[in-house]
Amino acid sequence: MSTRGRIMHRLHRRLAAASALAMGAALMVAIPTPASAAAARVDNPYVGATPYVNEDWSAMARAEPGGAAIADNPSFVWMDRIAAIEGSASKMSLREHLDTALAQGADLFQVVIYDLPGRDCSALASNGELGPTELDRYKNEYIDPISDILADPAYASLRIVTLIEPDSLPNIVTNAGGTAGSTDACAVMKANGNYEKGIGYALHTLGAIPNVYNYIDAAHHGWLGWDTNMGPAATEFKKAATSEGATVNDVAGFIVNTANYSALKEPNFKITDTVNGTTVRQSKWVDWNYYTDELTFAQALRTLLVSQGFNSNIGMLIDTARNGWGGSARPTSAGPLTSVDTYVNGGRVDRRIHAGNWCNQSGAGVGERPTAAPEAGIDAYVWAKPPGESDGNSAPIDNDEGKGFDRMCDPTYEGNGRNGNSMTGALPNSPLAGHWFSAQFQELVKNAYPPIDGGGNPGGGDDTQAPTAPTGVTVTAKTSGSVSLSWTASTDNTGVTGYDVFRDGVKVGSSTTTSYTDSGLSASTAYSYTVKAKDAAGNVSAASSALSATTSAGGGTGTGSLKVQYKNTDSSATDNQIRMGLQLVNTGSTAVDLSTVKLRYWFTPEAGASTFGTSCDWAVIGCGNLTHSVKTNGSAAGASHYLEVSFGSGTLAAGASTGEIQMRLNKSDWSNFNEADDYSRSTSTSYADAAKVGLYVTGALAWGTAP
């Protein structure tokens with residue numbers, strides 16, 4: 001069959017199937033624009049988009065038992081060698097994929113750029129065709145032809161998301177310096193700089209195309225989550241993003257967990273938990289990492305990258321194709337409190353033998369379906385590595401693709417320094433990287449979380465029924481900077497999974513309960529609220545009746561160009577410490593002298609000692625750059641004392657953030673607090689603007705509302 005005939009055959013089959021092209025519940029179905037109409041530049045390319053379903057992958061998935069349930073999910077197209085640009089008898093070319101996207105009515109196309117010189121210097125299974133010094137071939141024979149195709153006016157209506165070179169820059173940080181698992185190949189690539197030059201050239205060349213959005217690969221929390229890796233990684237990313245003519249303006253964001261298995265969320269324990277006085281960070285599984293999952297890592301990394309000079313509107317993508325970890329082995333609670341290891345191992349949903357295991361992992365499952373803007377700072381959950389495509393061969397296989405045999409894909413291998421000399425946990429009988437692996441696909445479907453039903457939706461049955469609209473929305477509390485709401489629960493045929501809250505018609509947050517506190521508001525201002533319910537299949541209810549709420553008058557409200565963001569890192573409101581995460585953001589147009597800035601977190605100590613200890617556990621800018629103490633504040637309700645944090649020398653650039661600051665305090669006798677009534681406390685576990693944490697510049701309130 002001719003190339004054109006093959007395309008038309010696929011298109012006719014696709015249209016006959018009448019497949020739904022929707023990116024989960026969060027993506028709106030859009031009317032396709034003509035190919036000649038240019039796509040307007042947007043902040044988040046995933047919002048409101050109809051993404052392309054990779055026809056090559058979809059056909060393979062549909063042929064598997066149960067595969068039809070997920071075959072219509074959008075995934076990335078991999079350009080993993082020069083020949084992939086023109087395609088083959090079994091794989092469509094880049095142009096064919098783009099033409100098929102237009103025929104599907106898609107307006108978003110996702111492609112992996114993956115052919116650097118000396119590619120993946122630490123994993124033989126994904127080595128590439130270009131030698132360490134073949135930078136010119138990479139530019140002339142790979143990037144330039146891809147750029148010419150993507151720049152074709154025929155594709156101007158598509159938002160084109162590029163995933164730039166998985167694993168390369170993180171390898172330079174961790175595997176090129178003589179540490180356990182370092183390789184000579186990585187040392188060569190660090191010395192010649194061709195990873196940075198190649199990525200810089202790709203960013204510059206592809207970033208010049210108006211409808212292209214570049215996202216740089218940033219590994220995962222089990223690779224870079226230690227401060228000794230995370231800070232140097234941000235520096236390395238900045239170096240690459242300013243090489244070969246590229247600037248930070250060529251970077252739309254970053255992607256984490258590409259082709260890996262790290263859990264999106266670890267619901268059963270937190271990094272701040274302790275067991276018999278031992279922190280979770282000291283467990284063998286966490287191994288002193290600062291993060292337990294990809295969501296918290298991605299959000300913290302974004303903050304760090306902005307503080308390093310990347311644009312403040314960058315977004316993060318998380319590859320959720322294979323990190324669901326469902327099935328019968330998925331724990332529903334933390335483990336026994338006999339030790340920190342039993343606590344963590346009994347509760348972690350990531351069931352790998354070691355977090356360093358990356359090849360065809362046994363027990364893994366499909367994760368969250370592709371979804372736009374699911375969390376703060378996250379542009380989308382995506383399927384970068386389509387389920388069923390092998391990570392590497394479990395035994396040597398001769399091939400012309402430049403792919404070697406990596407013992408980490410061999411289930412009999414007893415490991416190396418990168419995985420703590422543990423068994424690999426790899427599935428047997430696996431083919432070359434990128435080739436179809438039926439046994440893996442079936443295992444991923446079986447262990448999916450959320451579970452997969454016959455229609456590809458999480459939850460039970462082909463559910464198309466929306467929940468009832470919430471009723472009885474009412475104000476339960478308000479301050480000069482916040483409004484607390486509650487409502488009567490909705491009902492649904494399969495069960496309500498959560499609620500979205502809208503302020504003046506714009507979504508401001510979500511809740512899994514029937515209450516929500518909206519903060520960061522202005523004093524003496526009226527706001528209109530509505531609430532919508534949603535179920536596991538992505539069905540969304542009609543909006544509740546609108547409720548008008550007016551904030552209280554303030555006791556002094558800052559109006560400067562700085563703001564404070566806060567997250568609650570303390571699972572208990574009645575233990576013997578107060579813990580929090582803080583970060584300072586410069587929303588203005590000029591730099592701020594940090595030595596003039598102080599933060600105040602107001603609380604009440606109740607009974608017990610009247611002296612306090614304070615600690616900085618970790619800070620992007622370094623705990624040594626901070627001073628902190630507790631001071632008295634009279635008898636104000638919920639605010640008789642405050643924790644004050646001061647900054648040393650340095651400046652905060654316009655649009656930049658200090659990054660995360662992890663603080664805690666205790667009474668000198670270690671008696672318990674009751675934080676429930678504390679003025680500055682919030683229950684938010686992700687960063688949000690904190691109107692009740694004060695920020696003072698040269699002694700004047702510049703942000704927040706004082707008690």
Side-chain angles (χ1 to χ4, degrees), residues 221 225 227 230 256 264-274 279-281 289-307 312 315-316 318 373-378 479 481-482 484 501 508-513 515-521 562-573 575 577-585 587 599-603 614-621 623 626 628 642-643 645 657-665 673 675-676 678-695 703-704:
H221 88 276
D227 55 356
M230 198 163 162
V256 301
L264 175 66
K265 300 177 182 178
E266 281 288 2
N268 299 325
F269 65 93
K270 298 188 296 299
I271 201 70
T272 54
D273 289 350
T274 60
T279 69
V280 158
R281 291 187 62 218
N289 202 314
Y290 282 104
Y291 305 95
T292 61
D293 56 35
E294 289 306 291
L295 178 58
T296 56
F297 169 69
Q299 291 173 324
L301 179 60
R302 179 186 178 278
T303 298
L304 174 59
L305 291 165
V306 171
S307 74
S312 59
M316 306 297 288
I318 303 177
E375 299 278 355
I378 309 300
T479 69
S482 67
S484 296
V501 179
V508 292
S510 300
S511 175
T512 57
T513 67
S515 63
Y516 180 80
T517 297
D518 185 24
S519 58
L521 307 178
L562 296 170
K563 67 178 181 179
V564 180
Q565 295 182 325
Y566 161 94
K567 71 175 181 181
N568 188 320
T569 60
D570 195 347
S571 59
S572 172
D575 61 10
Q577 295 185 82
I578 297 176
R579 306 179 187 89
M580 72 207 72
L582 301 169
Q583 57 188 18
L584 171 62
V585 181
T587 61
L599 303 181
R600 290 183 183 179
Y601 177 95
W602 288 281
F603 69 98
T614 61
S615 300
C616 170
D617 288 327
W618 182 75
V620 171
I621 62 173
C623 287
L626 304 172
H628 34 85
Y642 59 85
L643 167 68
V645 180
S657 164
T658 59
E660 183 166 16
I661 301 168
Q662 295 180 4
M663 297 296 305
R664 61 185 169 89
L665 64 95
F673 293 93
E675 299 178 59
D678 286 356
Y679 180 81
S680 293
R681 186 176 190 267
S682 165
T683 58
S684 173
T685 56
S686 59
Y687 275 112
D689 291 353
K692 298 175 81 172
V693 177
L695 185 152
W703 162 266

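All values reported here derive from a predicted model rather than from experimental measurement.
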Heavy-atom pair with the smallest gap, counting every atom of W703 and L562: CB-O, 3.4 Å
Spacing of H221 atom NE2 and L295 atom CG [to the nearest 0.5 Å]: 11.5 Å
Distance in Å, Y642 OH paired with L665 CG, rounded so as to fall on 0.5 Å steps: 14.0 Å
Check: D678 side chain, S680 main-chain N or O, donor-acceptor pair, under 3.5 Å: no
Shortest non-hydrogen separation from I271 to Y290 and the atoms involved: CG1-O, 3.5 Å
S615 side-chain N/O to D617 backbone N/O, donor-acceptor pair under 3.5 Å: no
Heavy-atom pair of closest approach, residues S307 and V620: OG-CG1, 4.1 Å
Minimal non-hydrogen separation, K270 against S571, with atom names: NZ-CB, 2.7 Å
Pairing residues for Y687 by the side-chain hydrogen bond (donor to acceptor under 3.5 Å, both in side chains) criterion, not counting sequence neighbours: E660
Whether F297 and Y291 hold their rings parallel, tilted or perpendicular, with breakpoints at 30° and 60°: perpendicular
Interatomic distance, D570 atom CG to R681 atom CZ [nearest 0.5 angstrom]: 6.5 Å
With sequence neighbours excluded, residues passing salt bridge (Lys or Arg N to Asp or Glu O under 4.0 Å) with R302: none
Pairwise distance CH2(W618) to CD1(I661) - rounded to 0.5 angstrom: 10.0 Å
Nearest atoms (heavy-atom pairs only) where G659 meets T303: CA-CG2, 3.0 Å
Flag, side chain of T569 to backbone of M580, donor-acceptor distance under 3.5 Å: yes
Closest contact, heavy atoms only, N289 versus R281: O-NE, 3.1 Å
Nearest-0.5 Å distance, NZ of residue K567 to CZ of residue R579: 13.5 Å
Check: Q299 side chain, A376 main-chain N or O, donor-acceptor pair, under 3.5 Å: yes
Which residues share a side-chain hydrogen bond (donor to acceptor under 3.5 Å, both in side chains) with T513, sequence neighbours left out: S511, S515
From S657 atom OG to I621 atom CD1, the distance as rounded to the nearest 0.5 Å: 9.0 Å
